[in-house]
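Input: a single structure, listed below in structure tokens.
Residue numbers start at 1 and run along the sequence shown. Read the numbers this way: they start at 1 and go in the same order the structure lists the ligands and their atoms.
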Amino acid sequence: MRPKILVVEDDHALRDVLLRGLREEEFDPVPAADGATGLRLASPDVAALVLDVGLPDADGRDVCQALRANGFLAPVVFLSARHQLHDRLSGFSAGGDDYLPKPFHLAELAARLRAALHRAGPCPPLASGDLVLNAVGHHVTAGGVAVPLSPTEFRLLAPLVAARGDLVRRRELIRAGWPEGAYVSDNTLDQYLSRLRRKLREAGSRLTVQTARGIGHRLS
Ligand code: CA
């Protein structure tokens, strides 16, 4: 099944190029010409979002923030003519996963989408014990109860579920959870893992994240 990509871009010529190009790259793109339409079409089966920052009715970063507040966890790749460091950083702090300055090559957007989808986790659903992970829409359930996870928590849980009780090394978790080259301290990883444990416990999961000190973690 081709991953469904919601493309929110008001420039109709660029939108057409994106739709055609993404189809050629084996995605299933769905167009939206403004932020309100993007919000309406961001359903749980959307695998990733391509989101223009400069939209007629809203700032794309506000759209992303609203989606995150609604529990939309799929990767978001921003497109923007503004490419100063502070512009890019504000895209990440709004909950974006990647930021591509215009003009760009479609092949690069497609590669970034594939990388974001890869980081987002496996597809089709993965299960270990009472946990089921669905990369489409980033749903996680524990014994049928939804576990509300942030995008980073989801990316950390995915390799642990995929390992089905085997050990996952800390550096593999960091690679799964954060963009390449990001500096992630041991403390940061531990904080995310303890939040993940708390959320699994609150959802009533029988599994938790165990620590093999100095080596890695496993679900058990
Ligand atoms: Ca625009």
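- With sequence neighbours excluded, no residue forms a side chain to side chain donor-acceptor pair (under 3.5 Å) with Arg15.
- With sequence neighbours left out, the side chain to side chain donor-acceptor pair (under 3.5 Å) criterion links Asn187 to no other residue.
- Around the Ca ion (ligand 1), the protein N, O or S atoms found under 3.0 Å comprise Asp10 OD1, Asp52 OD2, Gly54 O.
- Here Thr208 pairs with nothing under the side chain to side chain donor-acceptor pair (under 3.5 Å) rule; sequence neighbours left out.
- A salt bridge links Arg170 to Asp190: at least one charged side-chain nitrogen sits closer than 4.0 Å to a carboxylate oxygen.
- For the residue pair Arg197/Thr211, the side-chain donor-acceptor check at 3.5 Å is satisfied.
- Using a 3.5 Å distance cut-off with no hydrogens or angles, the side chains of Ser90 and Ser93 do not pair a donor with an acceptor.
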